[in-house]
Amino acid sequence: MSGAWVTVAARVRPFTERELRLNASCIVHMSGACTTITNPKQTKEAPKSFTFDYSYWSHGSSGSPGFVSQRRVYEELGCQLLLHALDGYNVSVLAYGQSGAGKSYTMVGRQGPGPPATGLGPEPDPDPEQGLVPQLCDDLFARINEGRSPDLSYSVEVSYMEIYCERVRDLLAVGRGPLRVREHPALGPYVEGLSKPLAASAQDIGRLLACGNRTRTVAATNLNEVSSRSHAVLTIVLTQRRHDPLTDLYTERVSKICLVDLAGSERADSSGSTGTRLKVRGSGINRLYPTAQSDPLLLPLLHFPPPPSIPSSPPYPHPLCPSS
């Protein structure tokens with residue numbers, strides 16, 4: 001990943017209960033960075049091979065040979081992103097695939113009945129089901145606590161929004177209507193009025209993430225009973241303020257970490273999407289990419305607002321998403 005602008009990883013998940021009931025067979029094979037797909041309907045057709053930066057085999061049980069855990073995904077992708085962010089660069093992760101492909105599991109972690117679990121916070125033993133987002137947040141605040149000094153301070157702002165049916169909604173402000181997208185002359189597009197509460201710990205981000213996930217648009221499809229039907233963008237703005245005792249001057253380094261969980265990209269006939277849900281089906285979602293091709297950071301930059309004034313008050317949880 002060092003020196004690369006874009007890194008692409010493919011991951012294969014275990015079978016779902018529905019696929020097990022249907023006696024599905026795995027048509028994907030991985031070797032190193034190469035992913036090979038066979039067509040079960042055309043047995044004479046040669047397998048198609050694709051080479052990515054990483055090919056993660058997570059099919060089967062965690063103890064099976066070659067199985068790639070959540071922790072390894074974070075160590076090979078998330079750690080480098082965090083180091084770049086601490087160096088002052090903007091970084092992004094986009095999870096892309098059809099409904100039920102494991103996007104939300106890779107980004108957030110295991111989701112059971114009720115509100116999605118975030119897994120954030122100190123535990124005696126690290127949760128093996130933690131996704132990239134909670135592991136990154138835990139690592140971020142661990143590094144902040146290690147690096148804090150009388151001449152170096154940090155602040156962390158969080159925003160969480162969804163894009164559904166071409167409308168932008170603040171997931172941290174319950175009951176608010178669609179937000180307007182504005183154009184800043186220097187910084188480009190941003191979302192006006194998006195909530196940006198401060199976070200003092202990974203637990204604060206966990207509460208905000210859980211609050212936002214409860215209001216995110218989901219629906220049942222043929223491929224996933226709780227399919228995410230919107231694009232969700234979690235942005236962490238890290239500000240490092242350093243004081244030079246020799247000159248008595250202050251400098252600021254601001255970086256943004258965008259974690260994007262895209263809606264399912266499947267075809268409408270395979271997912272059973274109809275009506276309003278059809279507006280965010282695969283063909284509509286895939287139209288984002290020709291536009292983003294000219295600017296790979298277009299979607300994450302969508303809600304980068306102008307730099308806010310740094311408040312002097314201590315970090316606080318969002319008033320609309322209480323911890324209780």
- request: Check whether any side-chain heavy atom of S61 sits under 4.5 Å from a side-chain heavy atom of S64, and report yes or no.
  value: yes
- prompt: Hey, is the main chain of Y105 close enough, under 3.5 Å, to the side chain of Q70 for a donor-acceptor pair?
  reply: yes
- prompt: Within the side chain of K103, is there an N or O that forms a donor-acceptor pair under 3.5 Å with the backbone of Q98?
  reply: yes
message: Keeping E252 on the side-chain end and T239 on the backbone end, is there a donor-acceptor pair under 3.5 Å?
response: no
query: Counting only N and O atoms by type, is there a donor-acceptor contact under 3.5 Å from the side chain of K196 to the main-chain atoms of L194?
result: yes
field: A85 to S255 - nearest heavy-atom pair and separation
entry: O-OG, 2.7 Å
- request: Measure from the side-chain N and O atoms of H231 to the backbone N and O of E162, and report whether any donor-acceptor pair falls under 3.5 Å.
  value: no
- prompt: Has the side chain of R72 got a donor or acceptor atom that lies under 3.5 Å from a matching backbone atom of F67?
  reply: no
field: Heavy-atom side-chain proximity of T7 to L77 below 4.5 angstrom
entry: yes
Closest non-hydrogen atom pair between A95 and M107, with its separation: CB-CG, 3.6 Å
Shortest non-hydrogen contact from F141 toward A202: CD1-N, 3.4 Å
message: Tell me whether T16 contacts the main-chain N or O of E19 through its side chain, where contact means a donor paired with an acceptor under 3.5 Å.
response: yes
- prompt: Going by distance alone, is a donor N or O of one side chain under 3.5 Å from an acceptor N or O of the other, for H84 and N90?
  reply: no
Sidechain N-carboxylate O distance under 4.0 Å for E192, R180: no
query: Any side-chain donor paired with an acceptor under 3.5 Å for S195 and D170?
result: yes
field: Flag, side chain of R241 to backbone of S155, donor-acceptor distance under 3.5 Å
entry: no
task: Verify whether one side chain among Y74 and Q130 offers a donor that lies under 3.5 Å from an acceptor in the other.
output: no
task: Show the numbers, then the answer: is there a side-chain contact (heavy atoms from CB on, under 4.5 Å) between V158 and L209?
output: CA-CA 9 Å; V158 180; L209 186 62; over 6 Å; no
query: Donor-acceptor pair, S58 side chain versus V68 backbone, under 3.5 Å?
result: yes
message: Determine whether L171 and M161 satisfy the following criterion, side-chain contact (heavy atoms from CB on, under 4.5 Å), listing intermediate values before the conclusion.
response: CA-CA 5 Å; L171 292 175; M161 72 168 188; 5.5 Å; no
Heavy-atom pair of closest approach, residues S230 and Y164: CB-CB, 3.8 Å
- line: Scanning both residues in full, the closest heavy-atom pair of P178 with R167 reads CG-CD, 3.9 Å
message: Can a donor-acceptor pair be found, under 3.5 Å and without considering hydrogens, that links the side chain of R143 to the backbone of L82?
response: no
